[in-house]
Amino acid sequence: MAQIIKGRTGEWEIVIGMEVHAQVTANTKLFSGASAVFGAEPNSQVSMVDAAMPGMLPTLNAYCVEQAVRTGLGLNAEIHATSVFERKNYFYPDLPQGYQISQYLHPIVGKGKIEIDLPQGDVKEIGITRLHLEQDAGKSLHDQHPTKSFVDLNRSGCALMEIVSEPDLRGAEEAAAYLSKLRMILRYLGTCDGNMEEGSMRADVNVSVRKPGGALGTRCEIKNVNSVKAVQMAIDYESRRQVDIIEDGGTIHQETRLWDPTKGETRSMRSKEDAHDYRYFPDPDLLPLVLDNAWIASIKQTLPELPDQKKHRFMQDYGLGAYDSGVLIAERIRADFFESVAKGRDAKMAANWVLNELLGVLNKDGKNLDQSPITAAQLGGLIDLIVDNTISGKIAKDVFADMYATSKDAAKIVDEKGLKQVTDIGAIEKTVDQVIAANPDNVAAYRGGKDKLFGFFVGQVMKETGGKANPEIVNQLLKDKLK
Ligand code: ADP
Ligand code: MG
C-alpha cells in the first residue's frame with residue numbers, strides 16, 4: 001500500500017531504497033584476531049592491524065565469509081563464486097588506515113529478494129541489489145571532554161555486511177516492514193544480532209519523490225538511522241520537505257543528510273560523493289576471494305527454516321491465520337515455544353494460550369518469552385487439564401495467573417486449591433434445584449419469555465459451586481428444569 005503525499009499540485013509518491021549495515025555475529029574481526037564483542041573498555045580490543053600500524057597485513061576471517069554466504073542464501077540471493085576486496089579511500093579520524101576495505105565491483109552476494117508483510121496480511125516482494133563485506137570504522141566520541149574529541153577503535157575492523165535494496169519501497173510503513181523483516185531473517189540465520197540500539201544494525205535511507213508512476217526523482221540519503229521508528233519519522237519528514245521544495249519551483253540536489261531525533265528533522269551533512277571520489281582499487285594485500293561451490297552447498301544445508309517458510313507451515317499444518325502465524329514466528333524462540341506447547345495438542349488452543357494469555361501478561365510486564373515463569377511444558381499441562389475436563393476454561397484462567405506468579409505446575413495448583421471441576425451430575429443437580437427454588441420470580445419471568453435470564457441462573461449455580469461446576473452440565477440441567 002503506497003504512501004501518498006498530497007501537495008498543492010496533486011499527489012506524490014515516495015520512493016525508498018535502503019542500505020543496511022549489519023554487523024556480522026563473529027568472535028573476531030574481518031581481517032584480524034581481535035575480539036569483536038560489544039561493550040568493552042574503549043581501545044581494549046585493537047590489534048596492530050585494526051590500528052593500521054605500518055607493515056601490518058590483513059588476514060581474511062573465514063567465519064565472517066561463511067556468515068555472509070549464509071545471509072545471502074537467506075535472502076534468496078546469488079552467491080558469487082569470485083569476489084574482490086577493494087580499498088575505499090577517505091580520511092576520517094576514526095579510520096586509521098585512511099581507507100576502508102570493502103567490496104565494490106565484485107560483491108560476494110548479488111541479486112536476491114525478500115517478502116515484507118503489510119497490514120491486512122498483504123505481502124510485497126522487495127528486491128535485494130547486493131550484499132558486500134566490509135570493515136567497520138572506529139568511533140569518534142565528541143561528548144567526553146569540553147575541547148577534545150576521543151577515538152575508540154574497538155569497532156575498527158569489525159565485519160559488516162552492507163545489504164542494499166532496490167528502490168522498491170513506497171513509504172514509511174513499507175520501509176519499517178522491510179527493516180523488521182530483514183532483522184528477523186538475520187536473527188533466524190544467526191548472522192547478525194539486529195540490535196539497532198547497540199548499533200549492530202544501522203540503516204541509510206534513500207528517499208525521493210515523484211508523481212505517481214513517473215520517472216524516479218533525485219534522492220537524498222539519510223545516514224545511520226538507528227531505529228525502525230526513526231526511519232519512519234525521517235521518511236515522513238524528508239519526503240514532505242522534498243515535495244515542498246519542488247512545488248515551490250526548486251530542485252532536489254543529491255546529498256547526504258542526517259536525522260536529528262531531538263528536532264525531528266533531517267539536515268544537510270554534505271553533498272553526495274560519487275564513487276570516483278573514493279578512488280576505489282583492488283586491495284593489493286588481498287587475493288580475490290574464490291569460493292568452492294561444494295562449500296556453498298554445505299552452508300545451504302545448514303540453513304534453518306526461515307520466517308516465511310515457518311509462517312506458511314504454521315498456517316498449513318496448524319490451521320492458524322496469517323496474522324497469528326506472523327506473530328508466532330516473529331522470534332524463533334516464540335515459534336519454538338508454541339510448537340512445543342502444540343505438540344500432541346489442539347494447535348488453536350495452544351496458539352490462543354501463547355498469544356493471548358502468556359504473551360499478553362509478559363508484554364504487560366515488559367518481559368521477554370525467555371523470562372517467562374511458565375515453561376512450554378507447564379502451559380501444555382494446563383491445556384491438558386482443560387481438555388480432559390479436570391478444570392473449566394474459566395478456572396483455567398485463574399490457575400494460569402497462579403502459575404505465572406509461582407511457577408508451579410497447573411495440576412499442583414488445582415490440587416492444592418481444590419479446583420477440580422465438578423462433573424457429578426447429582427451434585428450439580430442439587431445446586432440447580434436450590435437456585436430454582438430460591439428465585440421463584442425470575443423463574444416465572446423466564447418461563448414468561450425473558451430468555452435473557454438464563455444467564456442469571458447459570459451465574460448463580462456457578463457462584464454456589466465456586467465456579468467449579470462443569471458448564472455444559474449446568475446448562476443442560478437448567479434447560480431441562482426451566483422448560
Ligand atoms: P550509493 O552507494 O552511492 O549510495 P547505490 O547505487 O548503491 O548508491 O544506491 C543506494 C541506494 O539508493 C539503493 O538502496 C537504491 O535502491 C537507492 N536508490 C537509488 N535511486 C533511488 C531513488 N531515485 N530514490 C530512492 N532511492 C533510490
Ligand atoms: Mg549509499
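Counting starts at 1 for both ligands and their atoms, following the listed order. Here the structure is a predicted model, which means the values were calculated and not measured.
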Chemist: Between Ile333 and Asn368, does a side-chain contact (heavy atoms from CB on, under 4.5 Å) hold up when you go through it step by step?
Modeler: CA-CA 10 Å; Ile333 82 158; Asn368 283 322; over 6 Å; no
Chemist: Ligand 1 versus Asn206, non-hydrogen atoms closer than 4.0 Å: side chain, backbone, both, neither?
Modeler: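 Both parts.
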Chemist: Please could you name the atoms of ligand 1 that Val164 approaches to less than 4.0 Å, counting only its heavy atoms?
Modeler: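 Near Val164, the atoms of ligand 1 are 13 (C), 14 (O).
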Chemist: Pull out every atom of ligand 1 sitting under 4.0 Å from any heavy atom of Leu216, numbered as shown with elements.
Modeler: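 Matching atoms, with element in brackets: 23 (N).
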Chemist: So for ligand 1, is Gly217 a polar contact partner (N or O within less than 3.5 Å, distance only)?
Modeler: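 Min N/O separation from ligand 1 is below 3.5 Å for Gly217.
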Chemist: Which of the numbered atoms in ligand 1 are below 4.0 angstrom from a heavy atom of Met18?
Modeler: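 Heavy-atom distances to Met18 below 4.0 Å select 14 (O).
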Chemist: Do Leu160 and Gln23 have side-chain heavy atoms sitting under 4.5 Å apart?
Modeler: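 Leu160 vs Gln23: side chains touch.
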Chemist: Run the numbers for me: atoms of ligand 1, each under 4.0 Å from some heavy atom of Ser165, listed by number.
Modeler: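 Per the distance check, 13 (C), 14 (O), 15 (C), 16 (O).
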Chemist: Ignoring hydrogens and angles, state whether a donor on the side chain of Arg70 or Gln67 is under 3.5 Å from an acceptor on the partner side chain.
Modeler: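 Yes, side-chain donor-acceptor contact under 3.5 Å.
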Chemist: Do you see a donor-acceptor pair shorter than 3.5 Å between the side chains of Trp12 and Glu247?
Modeler: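 Their side chains do contain a donor-acceptor pair, which is all the 3.5 Å distance test asks for.
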Chemist: Kindly say whether the aromatic ring centers of Tyr278 and Tyr104 come within a distance under 6.0 Å.
Modeler: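 Not close enough - the centres of the two rings lie 6.0 Å or further apart.
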Chemist: Any atoms of ligand 1 less than 4.0 Å from a non-hydrogen atom of Val15? List them with their elements.
Modeler: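 Heavy-atom distances to Val15 below 4.0 Å select 24 (N), 25 (C).
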Chemist: Just to be sure I'm reading this right: ignoring hydrogens, which of Glu19, Glu221, Arg219 gets closest to atom 8 (O) of ligand 1? Compare them by their nearest heavy atoms.
Modeler: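 Selected option, by shortest heavy-atom distance: Arg219.
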Chemist: Evaluate Thr218 for polar contact with ligand 1, using N/O atom pairs at a separation under 3.5 Å.
Modeler: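 N/O-N/O distance below 3.5 Å does not exist for this pair.
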Chemist: Any heavy-atom pair between the side chains of His106 and Thr82 that's under 4.5 Å?
Modeler: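 In short, these two side chains do not touch, never coming nearer than 4.5 Å.
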Chemist: With heavy atoms of Glu166 as the reference, note each atom of ligand 1 found under 4.0 Å away.
Modeler: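 This gives 16 (O) as the contact atoms.
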Chemist: Say whether, by atom type as modelled, one donor and one acceptor occur between the side chain of Gln309 and the main chain of Glu305 under 3.5 angstrom.
Modeler: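 No, because the side chain of Gln309 does not come within donor-acceptor range (under 3.5 Å) of the backbone of Glu305.
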Chemist: Given Glu255, which of Arg241, Arg219, Lys223 fulfils the salt bridge (charged side-chain N to carboxylate O under 4.0 Å, His left out) condition?
Modeler: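 By the salt bridge (charged side-chain N to carboxylate O under 4.0 Å, His left out) criterion, Glu255 pairs with just one of Arg241, Arg219, Lys223: Arg241.
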Chemist: Answer yes or no: does an N/O atom from Pro167 fall short of 3.5 Å to an N/O atom of ligand 1?
Modeler: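 Between Pro167 and ligand 1, an N or O pair is found under 3.5 Å apart.
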